Amino acid sequence: MSILVIAEHNNQQLNPATLGALSAASQLGEVIDVLVAGCDCQIVAQQVAAIPAINKVVVADNSAYGHFLAENVAPLIAAIGDGYTHILAAATTTAKNTMPRVAALLDVQAISDISAVVSEDTFKRPIYAGNLIATVQSTDAVKVITVRATAFDAVAKDGGSAPIETTDQLHDLGVSSFVAEQLAESDRPELTAASIVISGGRGMASGDNFDLLYKIADKLGAAVGASRAAVDADFVPNDMQVGQTGKIVAPDLYIAVGISGAIQHLAGMKDSKVIVAINKDEEAPIFSVADYGLAVDLFTALPELDSKLS
Amino acid sequence: MKVLVAIKRVVDYNVKVRANSDNSDVELANVKMSMNPFCEIAVEEAVRLKEKGIAGEIVTVSIGTQQSQEQLRTSLALGADRSILVQTDKALEPLAIAKCLKAVCDDEKPDLILMGKQAIDGDNNQTGQMLASLLGCAQGTFASEVSVESGKVAVTREIDGGLQTLSLSLPAVVTTDLRLNEPRYASLPNIMKSKQKPLSTVSVDELGVDISARTKQLGVEMPAQRQAGIMVADVSQLVDKLKNEAKVIS
């Protein structure tokens, strides 16, 4: 087995989801190389080299890869990855964009969003919005895989010193260009990486009321999420959405506030270790998955919770 | 400008799916089928481009069984001009579907290809990207805004942490996210009119592409169910439980 893992990063910082992909990779074999493709991304290569589980780091540093355009990065991954038995990446929007393109270039059928490794060619993955889990066996020589990072325990990120190689392979299809990016600025942890997540739903009644959640989040070091209903009602922006069509999270503690618990939301958080639900409707389906339920009005519960957390 | 929209017939999103009796696949007998919701958004976007005078002809394509004609008729009722069914009784994988679509694109030569970012059955999220790869063209996945001007398409994409806007040369493949638009319903007169619109059928074998299966589905199972826990009386008890029982806060 020889495995290539694609590092997810922003040219400055390795995305911790990559550690989950490396964890899946370590179940497949021992020789794991990592490709860091980006622009002025040497600092990321050094972060990757420090991960003990890694054999070597390959860096492709070129402006063509700076914004991770699939048209340019996919041929690079395909060229470097051909000859490996597995090419893995965490199932972020970047990898979901790029990896199928890699698979088509290699003429293989990609396996999306695996939640478990059964053997070197067989994997489990959620289908139908997580309502069923399929076991899939690949017959392709190169397996191109995206990994649901929250389903795997992250590997250790410090203590190693893998060698760093540079590739000057340049792939620039010249058919797409970056125009702009609007990224949410926040001091809070990223939703998918946070160990505590507190989310609000339609019951929050307005975007301003999310301040109640932000205050508690800052005391707990938590990320703040939302249900699709809250996003559709324009309380908060899209990128806060937890659910099948939003972010998949699996923190140690998930606090659902004013969220009824639609299947689409449950699909995004039901693998959390401990779930708390606060909802004044005792019949809300969210209580059927909650470890601790509190059926009171959130507008009295939240200030009280805030004051009880030191 | 010619727009091609790929659509898929899937289990209706309101159906609670379950495994069949031998756990080999999803139970599909007597289950309501519909157009994949992301494909509806793609059809709607094409129709809006036509209403703005940007799109000329809209061609919808589906790869599937004869019953997929129902979803193609729906797309015609929503405003597409004609439809092509690539007929097969096999459940094809995304790579094979992308190869079929590539063959149709080689023939039709669309300027813009719109499709859903994923189908809600397999949740693969691959076909659009694979098609763009096979065509060697640009891709704008997870689109929440699309604007076409002077031979390019600007696509705003929903990415982790926010939005990204790309400028793509045409032809390009754009895959739709939920917030791109809200699809309309077909009116009764348009449903009647759709019956007169052309729908051609071609067998998948006639396309001459490799549709061999690369994966085997060994089985499906229900995910582990979570058990409901306890109800707490008040916030004090909740904080106590989280600190001392679950030990998830300090």
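All values derive from a computational prediction rather than experimental measurement.
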Chemist: Could you name the residues of residues 246-256 of chain A that have a heavy atom within less than 4.5 Å of a heavy atom in chain B?
Modeler: A/K247, A/D252, A/L253

Chemist: Is there a donor-acceptor pair under 3.5 Å between the side chain of A/H171 and the backbone N or O of A/V73?
Modeler: no

Chemist: Which residues in residues 22-34 of chain B have any heavy atom lying under 4.5 Å from a heavy atom of chain A?
Modeler: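 Only B/V26, B/L28 of residues 22-34 of chain B have a heavy atom under 4.5 Å from chain A.
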
Chemist: Quick one: are B/M35 and B/V43 in side-chain contact, heavy atoms under 4.5 Å?
Modeler: yes

Chemist: Is the closest basic N to carboxylate O distance between B/E93 and B/R214 below 4.0 Å?
Modeler: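 A salt bridge is absent here (no side-chain N lies under 4.0 Å from a carboxylate O).
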
Chemist: So for B/Q227, is it side chain, backbone, both, or neither that comes closer than 4.5 Å to the heavy atoms of chain A?
Modeler: backbone

Chemist: Looking at chain B, which one of A/K124, A/K308, A/E282, A/M99 has the largest number of heavy-atom pairs inside 4.5 Å, strictly under?
Modeler: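 The candidate making the most pairs under 4.5 Å is A/K308.
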
Chemist: Counting only heavy atoms closer than 4.5 Å, note whether A/V231 contacts chain B via side chain, backbone, both or neither.
Modeler: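 Side chain only.
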
Chemist: With a 4.5 angstrom heavy-atom cut-off, is it the side chain or the backbone of A/E71 that approaches chain B, or both, or neither?
Modeler: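 Interface part for A/E71: side chain.
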
Chemist: Is it the side chain or the backbone of B/A233 that comes within 4.5 Å of chain A heavy atoms, both, or neither?
Modeler: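 Contact with chain A: backbone only.
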
Chemist: Side chain, backbone, both or neither: which part of A/K273 has a heavy atom under 4.5 Å from chain B?
Modeler: backbone

Chemist: For B/T215 and A/S138, does a side-chain donor sit closer than 3.5 Å to a side-chain acceptor?
Modeler: no

Chemist: Under 4.5 Å from any heavy atom of chain B, what part of A/Q244 do you find: side chain, backbone, both or neither?
Modeler: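 Only the side chain of A/Q244 comes within 4.5 Å of chain B.
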
Chemist: Shorter than 4.5 Å, heavy atoms on both sides: which option in A/A74, A/S272, A/G174 has the most such pairs with chain B?
Modeler: A/S272

Chemist: Does any heavy atom of chain A fall under 4.5 Å from the side chain of B/A132, the backbone, both, or neither of them?
Modeler: both

Chemist: Only one of B/K241, B/Q237, B/E245 passes side chain to side chain donor-acceptor pair (under 3.5 Å) with A/Y292; say which it is.
Modeler: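 Exactly one option meets the side chain to side chain donor-acceptor pair (under 3.5 Å) with A/Y292, and it is B/E245.
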
Chemist: Check whether B/K152 gets within reach of chain A through its side chain, its backbone, both or neither, counting any heavy atom under 4.5 Å.
Modeler: neither

Chemist: So for A/V102, is it side chain, backbone, both, or neither that comes closer than 4.5 Å to the heavy atoms of chain B?
Modeler: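 No part of it gets close to chain B.
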
Chemist: So for B/I249, is it side chain, backbone, both, or neither that comes closer than 4.5 Å to the heavy atoms of chain A?
Modeler: side chain

Chemist: What residue in A/R228, A/M240, A/Q264, A/H67 has the most heavy-atom pairs under 4.5 Å with chain B?
Modeler: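 Looking at each option in turn, the highest pair count goes to A/R228.
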
Chemist: Of the backbone (N, CA, C, O) and the side chain (C-beta and beyond), which part of B/T127 lies under 4.5 Å from a heavy atom of chain A, both, or neither?
Modeler: neither

Chemist: Heavy-atom cut-off 4.5 Å, strictly under: side chain, backbone, both or neither for B/L178 against chain A?
Modeler: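 Looking at B/L178, just its side chain touches chain A.
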
Chemist: Sort B/L218 into side chain, backbone, both or neither according to what part of it lies under 4.5 angstrom from a heavy atom of chain A.
Modeler: both

Chemist: Using non-hydrogen atoms and a 4.5 Å limit, figure out which bit of A/L173 sits close to chain B: side chain, backbone, both or neither.
Modeler: side chain

Chemist: Check whether A/T122 gets within reach of chain B through its side chain, its backbone, both or neither, counting any heavy atom under 4.5 Å.
Modeler: side chain

Chemist: Which bit of A/D113 comes within less than 4.5 Å of chain B, counting heavy atoms only: side chain, backbone, both or neither?
Modeler: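 Neither; nothing under 4.5 Å.
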
Chemist: Flag the pair A/D107 and B/K99 as a salt bridge only when some basic side-chain nitrogen lies within less than 4.0 angstrom of an acidic carboxylate oxygen.
Modeler: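 Salt bridge between A/D107 and B/K99, a charged N being under 4.0 Å from a carboxylate O: yes.
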
Chemist: If you tally heavy-atom pairs under 4.5 Å against chain B, which of A/A301, A/A290, A/A110 wins?
Modeler: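 Most heavy-atom pairs within the cutoff with chain B belong to A/A110.
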
Chemist: Looking at A/P237, A/A91, A/S177, which makes the most heavy-atom pairs under 4.5 Å with chain B?
Modeler: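 The residue among A/P237, A/A91, A/S177 with the greatest pair count is A/S177.
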
Chemist: Given that the side chain runs from C-beta out, which part of B/V248 has a heavy atom under 4.5 Å from chain A: side chain, backbone, both or neither?
Modeler: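 When you check distances to chain A, atoms from both the backbone and side chain of B/V248 fall under 4.5 Å.
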
Chemist: Sort B/V11 into side chain, backbone, both or neither according to what part of it lies under 4.5 angstrom from a heavy atom of chain A.
Modeler: side chain

Chemist: Is chain A contacted by the side chain of B/R18, its backbone, both, or neither, given a heavy-atom distance below 4.5 Å?
Modeler: backbone

